[in-house]
Protein chains: 2
Amino acid sequence: MKNTGDRRRTIYDVAKAAGVSISTASNALNDTGRTNAETRERVRRVAEEIGFRPNALARGLLSKRSHAIGMLTNDTYGRLTLPMAAGVSEVLVDHGVSVFLCATNNDPRLAQLHLEALLDRQVDGIIFTATRLDLTPPVQLSRLPIPVVYVFAEGPADSVTFFPDDEQGARLAVDHLKELGRSRILHITGPRDYLAARIRAQSYLDACGDGAEAMFGDWSEEWGHEAVQTVFARPGAKPDAIFCGSDEIARGVIDALRDLNVEIPTDVAVVGFDNWEVVARQTRPPLTTIDMELKELGHRAGLAILSLSKGEPVPAGITRLPCRLVVRQSCGSPLRSE
Amino acid sequence: MKNTGDRRRTIYDVAKAAGVSISTASNALNDTGRTNAETRERVRRVAEEIGFRPNALARGLLSKRSHAIGMLTNDTYGRLTLPMAAGVSEVLVDHGVSVFLCATNNDPRLAQLHLEALLDRQVDGIIFTATRLDLTPPVQLSRLPIPVVYVFAEGPADSVTFFPDDEQGARLAVDHLKELGRSRILHITGPRDYLAARIRAQSYLDACGDGAEAMFGDWSEEWGHEAVQTVFARPGAKPDAIFCGSDEIARGVIDALRDLNVEIPTDVAVVGFDNWEVVARQTRPPLTTIDMELKELGHRAGLAILSLSKGEPVPAGITRLPCRLVVRQSCGSPLRSE
DNA sequence: TTGAAAGCGCTAACAC
DNA sequence: GTGTTAGCGCTTTCAA
């Protein structure tokens, strides 16, 4: 007879139905202590039959581990945080860990509220995510009784932090363009006060050397458009490739180039950054770009917080996960003559 | 002396420090029972001082209410679910309710896993969200011991369900175009097997009557582009307005019109659907479109699940929340002569 | 191998 | 008004 819905089954029900004590039932279900194989089977079968599910609250109260973690995010649900959150959740669900999602909207009061709620719920750890480096963290995370993992955000010096490897990602883009025979590569990117923008730009400058130029602006299509107009209006040699700091910028760049009757990729090759499919697949031609492997980032962060919460050691410091080049048609084929 | 980090403070610590019993402490902190105003103040001050925070697990175990809910989503973290989730979280955090985010990736095994985890955690309710009507629900949600609210998804007949009012939204778009003097309005939208697409199309057909034409395709920019090419290549009268089923489609439409040297909005006015800012603000001209008020949808769903979990009645059935017209420049001004 | 009993941190009767 | 006590559902000594 299944649970008829009147009340949740407890371990007491299991014990009674199996004709054992509750401690035996507990041992049988959890493979703890010494239990006769036969009784164990019987208890388990009964538990299954009556639809017993252990109460996670009671368990957590006793074990002081809730098997839940919190994700505190700054981001107004952008495309960065959420593929990542999916990665976190995906890797943790198989370990019986659930994820509280807390959007702070960059509001310190909200952040504090969420943080307290998480602590009250005895979460085993917190993953903090931001889209940009905020000079004043929204909330004091450093002296918490539980581990914290940072993603896309800088924690204290000795904390566990994950970032995409912006430097390697930018190099991937530049190298790809060079292999295709491009030599006058321009970089159009986002605001200078974004760490990611600065790192990518520096990597680009290091790779391209003399004559390289990085133009900082917004993370917008409009800025990409505007930058191209500026560059093509002024005298001097024109670039034969443009490496963009985001796919949105790349989209603006591509549109502006078309307006100028510059052919892509024949005259100018374009590379983006993000692999935001809804943009990158829809440009004409489709955009070659850099994927930050957000899901993998989420996996790693999830595993890290899991280990930390078990007291296992995790290497501190910033781990930068490699980006991946996604080749579409905006750079032309490596086999072209020029 | 603050909590020195060795151990979490319990109500027992508070009681001892305040020189009262734990029940008095509990009463003082929760404003239950009769408590002398002076003792109450003292207890509270002490609690504050030693950094006491009640253990939500213990509370939940006793009260059988965890003050947590689960959000089960089908969506691979699209732009629909997440602004909504932000709305849910935003409205619930002030009521002390936290949100578990569970992405099922449309995988029944994952959905089942998440559902069981939520039940084990004694969540007070579940919000189920999907981006499209799946004929076979990923998991049996109907006979749960806790309330379920559906958003963007159809539950059983008597369930509490929220949708944006697609019919009204479409009418808003068409009416706006008509007021601007447009008479040959075309509709380009997504796949016919999306309920939302069908409803919007029907609303459009009802409003436009004879000669109205709804073209079904994908939710993609490409389809918008292609549809426009088809329409402008064939003989007969051309539309003077296009109402698109999504902003992405609208973007493709706008690009195709520009390729054809059709002026927007002078020759053809364009309206989108979604108000997905990253698209709608970046089209040239910026897109007039329909906002589904996703955050408000989240608020309402959050409040509904809150009421239900308290046993308060909530009107069953489908509630459709009004959409909002967002006017940008793709339709021209109402004051134009023609 | 199994069971009785204590207790995780808290709230709610019910005495006092 | 305040304290004592039982108990939420579970795990875990420790005796039997």
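Computed from heavy atoms alone, side chains included, the values below leave out hydrogens, waters and symmetry copies. Residue numbers start from 1 in every chain, and the chains themselves are labelled A, B, ... in the order their sequence lines are given, proteins ahead of strands.
- Between dT2(C) and N27(A), no contact under 4.0 Å exists linking OP1 or OP2 to a side-chain N or O.
- In this structure, R300(B) forms no cation-pi arrangement with F162(B), as its terminal cationic atom is not both closer than 6.0 Å to the ring centre and no more than 45° off the ring axis.
- For the OP1/OP2 pair of dG9(C) and a distance below 4.0 Å, the side-chain nitrogens and oxygens of K64(A) include at least one atom meeting the criterion.
- For E38(B), the CD atom is loosely surrounded, since the number of other residues' heavy atoms within 6.0 Å does not exceed 12.
- A salt bridge (charged side-chain N to carboxylate O under 4.0 Å, His left out) with D124(A) is found for exactly one of K64(A), K310(A), R65(A), namely R65(A).
- Here the C1' atom of nucleotide dG7(C) and the OH atom of Y12(B) are 13 Å apart, to the nearest Å.
- Where DNA chain D meets chain B (any atom under 4.0 Å from a heavy atom), the bounding nucleotides read 5' to 3' are dG1(D) to dG9(D).
- Nearer to the 5' terminus of DNA chain C, by closest-nucleotide assignment, is the contact made by L57(B) (compared with the other of L57(B) and S23(B)).
- Taking atom CZ of R59(A) as the reference point, atom P of dG9(C) lies 18 Å away to the nearest angstrom.
- Contact record, H114(A) with S89(B): NE2-OG, 3.7 Å, taken as the closest heavy-atom pair.
- Nucleotide dG7(C) holds its C1' atom 12 Å from the CD1 atom of I22(B), rounded to whole Å.
- Minimum interatomic distance between F52(B) and R9(B) (heavy atoms only, all atoms of both residues): CD1-O, 3.5 Å.
- Atom-to-atom, CG of L29(B) to P of dC10(C) comes out at 9 Å; the value is rounded to the nearest Å.
- Contact annotation for T35(A): backbone-only contact, meaning every heavy-atom pair under 4.0 Å involves sugar-phosphate atoms and none involves a base.
- Nearest nucleotide to the side chain of S21(A), out of dA12(C), dG3(C), dC10(C): dG3(C).
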Legend entry - Worked check of side-chain contact (heavy atoms from CB on, under 4.5 Å) between T104(B) and L72(B): CA-CA 7 Å; T104(B) 66; L72(B) 217 48; 4.1 Å; yes
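- Atom C1' of nucleotide dA13(C) and atom CG of N30(B) are separated by 16 Å, given to the nearest angstrom.
- Considering only side-chain N and O atoms, T39(A) lies under 4.0 angstrom from the phosphate OP1 or OP2 of dT2(C).
- Where G19(B) and A58(B) each meet DNA chain D at their nearest nucleotide, the meeting point lying more 5' is that of G19(B).
- The only member of V149(A), T129(A), I305(A) that meets side chain to side chain contact (heavy atoms under 4.5 Å, CB included) when paired with M71(A) is T129(A).
- The only member of D165(B), V151(B), L297(B), L294(B) that meets side chain to side chain contact (heavy atoms under 4.5 Å, CB included) when paired with L321(B) is L297(B).
- Interface remark: the T32(B) side chain does not form any donor-acceptor pair with the dA12(C) base, using a distance-only criterion of under 3.5 Å.
- Distance, L62(A) CG to dA5(C) C1': 13 Å, rounded to whole Å.
- Comparing R34(B) and L61(B) by the nucleotide of DNA chain C whose heavy atom lies nearest to each, the residue mapping closer to the 5' end is L61(B).
- Close to dT11(C), at under 4.0 Å from its OP1 or OP2, lies no side-chain N or O of S63(B).
- In this entry the distance linking NE2 of H67(B) with P of dT11(C) reads 10 Å, nearest Å.
- Atom CG in N36(A) sits about 15 Å away from atom C1' in dG3(C), given to the nearest Å.
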